[in-house]
Amino acid sequence: MNNIKYILPYGDALREFLNDSGISKSDLRTIVRRRGIFVAIEEKSSYIPILVRTGITPTELTELNDTIKIREANPKRQTQSIKCEETTDSLVSALPNGYKINDVVKKEFSNYKLLGSPSFKTINGDSNNIELDFTIERYDYTQSWNKNTTQFNGKVKVNKKNDTLDINISLSHTSPETKEVANKVPADLIKQLKKSGCIKSTEKVKKIKFNDFSNENRIKFLQKLSREQSDFELYFTDTKDIGFCPDSSMDFPDEISWMQEKVSNLVLQGKNLHSTFFIKNQNLHKHIQIHKVEDAYSFSFLEYSGTCTISFEFPDFIIKQDKSAELIIRVNGVRFKENNIGITQSKMKEVLLSELEESKLRLYQEYSQ
């Protein structure tokens, strides 16, 4: 059998697979401890040599492979907005006839292809509320053996608000490739809407970026967005994760002087983190550059209820030192208590992300500078 999917990896192929960013230290620790092996230094790099030397079973391989797929395919949400003209034209009528995205996203020497010919469709018959669902198939023979062909989904939602005359664009992506497609589509769509006169040629897209806020207002924005959802059935229960770094452009107050020239990034994980002195002491807020908050929630809709965690993050601020990093929201760990209509975890995540959209835009208007 020559299909690489049916070959159990070993040696360098196994090492490369275990080093995948979708496999965490705890995933490997679970497997190793199941075998009765404990290590002195609990780092991912400690577990990989053990598993490379001893190999993994088909069951362990399936377990790790499923973990990668779940983490990578988790939908993430970004938002853009742009002012539009006061016109009676709807979004649907402003689009060229038969508008499709295949030519827009075509890329020479690409490692993925767009499946089918996706096009925008109205949501609930509203011609000012449209969405486009797409699927890409990714080919990557140069990396880990298990990733030669994978499919990922993405979504672009566009909504025209008559009262504010804004066009709000929500991008959902599940991989770097779907993120690339999801960003290309609104760029071309706005170009088409400018041609039709729906948007002035001088208007620019606004995104929710890290440097759109002062240090104090960024904390207020993330606090309000993550903890004060009262418009729908999502209830804050705890703060699990906070990531921030001291702002080195100013002198540190005595309370955090120990961080001077020693701490470039600090991640707190635990319980009731919103009650720590970093957050409760508002005098410290102007000295703190918060870039991530992850909170635990319960949700209770008519037909389903359960728990989840939601991450609000500017990932490129830390990864790339990019102060124009965009806000990305991600729903994790959905667990159902009741599910009377058989809604999937993936659909539930989209429901929660969509519900957060309106308050995210409202709070951005309130706290951005």
Side-chain angles (χ1 to χ4, degrees), residues 76-81 168 170 206-250 252-253 255-256 259 263 265-300 307-318 322-334 349 351-369:
K76 302 126 188 126
R77 180 68 64 88
Q78 297 168 265
T79 298
Q80 303 176 2
S81 64
N168 299 319
S170 299
K206 293 202 71 174
K207 302 176 182 180
I208 301 178
K209 297 181 293 186
F210 182 86
N211 58 4
D212 287 339
F213 306 90
S214 65
N215 290 342
E216 299 100 315
N217 279 0
R218 191 181 306 109
I219 292 176
K220 290 177 183 176
F221 169 74
L222 291 173
Q223 280 183 322
K224 294 280 186 180
L225 180 60
S226 63
R227 292 174 53 190
E228 298 184 18
Q229 293 301 324
S230 57
D231 295 336
F232 70 105
E233 296 82 349
L234 181 68
Y235 307 98
F236 168 85
T237 57
D238 197 8
T239 301
K240 297 290 189 181
D241 195 325
I242 295 177
F244 66 91
C245 56
D247 190 340
S248 58
S249 67
M250 59 182 75
F252 290 10
E255 294 96 324
I256 57 173
M259 301 175 78
V263 178
N265 183 38
L266 190 62
V267 176
L268 303 179
Q269 296 178 327
K271 297 179 180 179
N272 298 317
L273 296 179
H274 52 281
S275 63
T276 60
F277 80 96
F278 291 107
I279 304 302
K280 290 193 75 173
N281 187 347
Q282 294 187 15
N283 293 327
L284 299 180
H285 288 187
K286 67 179 180 181
H287 302 278
I288 293 175
Q289 295 178 317
I290 189 165
H291 57 82
K292 179 182 179 180
V293 173
E294 184 168 330
D295 290 339
Y297 299 87
S298 64
F299 57 86
S300 180
T307 60
C308 68
T309 60
I310 302 179
S311 171
F312 307 84
E313 186 176 7
F314 298 91
D316 284 348
F317 174 71
I318 288 298
D322 183 4
K323 290 193 175 183
S324 63
E326 282 189 66
L327 175 71
I328 292 180
I329 302 179
R330 183 176 64 249
V331 179
N332 305 306
V334 172
K349 290 174 182 179
V351 168
L352 294 173
L353 288 171
S354 296
E355 294 284 0
L356 286 166
E357 201 68 20
E358 189 170 333
S359 57
K360 175 172 65 175
L361 291 166
R362 174 176 50 79
L363 291 168
Y364 174 73
Q365 293 294 330
E366 184 175 351
Y367 290 108
S368 61
Q369 54 190 7

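In this text the structure is predicted, and so the values were computed from the model without any measurement.
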Test log, rule side-chain contact (heavy atoms from CB on, under 4.5 Å), inputs Y367 and D212: CA-CA 9 Å; Y367 290 108; D212 287 339; over 6 Å; no
Distance in Å, L361 CG paired with Q80 CD, rounded so as to fall on 0.5 Å steps: 11.0 Å
Gap separating the OG1 atom of T239 from the CG atom of L268, nearest 0.5 angstrom: 10.5 Å
Any donor-acceptor N/O pair, N215 side chain to K286 backbone, under 3.5 Å: yes
D238: side chain to side chain donor-acceptor pair (under 3.5 Å) partners, not counting sequence neighbours: none
Non-hydrogen atoms of F252 and D247 that approach each other most closely: CE1-O, 3.3 Å
Residues which pass side chain to side chain donor-acceptor pair (under 3.5 Å) with E326, listed by chain and number, not counting sequence neighbours: Q78
Partners meeting side chain to side chain donor-acceptor pair (under 3.5 Å) with S298 (sequence neighbours left out): none
R77: salt bridge (Lys or Arg N to Asp or Glu O under 4.0 Å) partners, not counting sequence neighbours: E350, E357
Residues forming a side-chain contact (heavy atoms from CB on, under 4.5 Å) with Q223, sequence neighbours excluded: I219, R227, I279
Atom CD of E358 with >12 non-hydrogen neighbours under 6.0 angstrom: no
Closest contact, heavy atoms only, F244 versus I290: CB-CA, 3.6 Å
Approximate separation, where rounding is to 0.5 Å, of I328 CD1 and K76 NZ: 8.0 Å
I242/L266 under side-chain contact (heavy atoms from CB on, under 4.5 Å): CA gap, chis, key distance, verdict: CA-CA 8 Å; I242 295 177; L266 190 62; over 6 Å; no
side-chain contact (heavy atoms from CB on, under 4.5 Å) partners of D322, counting only residues at least two apart: D316, K320, S324
Ring pair (Phe, Tyr, Trp, His ring centres under 6.0 Å) against F210, all qualifying residues, sequence neighbours excluded: F314, F317
R330 side, atom CZ; F312 side, atom CZ - distance, nearest 0.5 Å: 11.0 Å
side-chain contact (heavy atoms from CB on, under 4.5 Å) involving T309 - partner list, sequence neighbours excluded: E294, A296, N332
Ring pair (Phe, Tyr, Trp, His ring centres under 6.0 Å) against Y364, all qualifying residues, sequence neighbours excluded: F213
Heavy-atom closest pair, residues I310 and C308: CG1-SG, 4.1 Å
Side-chain H-bond candidate by donor/acceptor type, K292 with S311, under 3.5 Å: no
Interatomic distance, L353 atom CG to S170 atom OG [nearest 0.5 angstrom]: 9.0 Å
Partners passing side-chain contact (heavy atoms from CB on, under 4.5 Å) against Q269 (at least two apart in sequence or in another chain): D241, V267
Check: Y297 side chain, S226 main-chain N or O, donor-acceptor pair, under 3.5 Å: yes
Steps toward side-chain contact (heavy atoms from CB on, under 4.5 Å) verdict (K349, V334): CA-CA 8 Å; K349 290 174 182 179; V334 172; 3.8 Å; yes
Any residue meeting side chain to side chain donor-acceptor pair (under 3.5 Å) with N211, in chain and number order, not counting sequence neighbours: none
Shortest non-hydrogen contact from Q289 toward P246: OE1-O, 4.0 Å
Interatomic distance, L352 atom CG to I329 atom CD1 [nearest 0.5 angstrom]: 11.0 Å
Polar side chain donor-acceptor pair, H285 to N217, under 3.5 angstrom: no
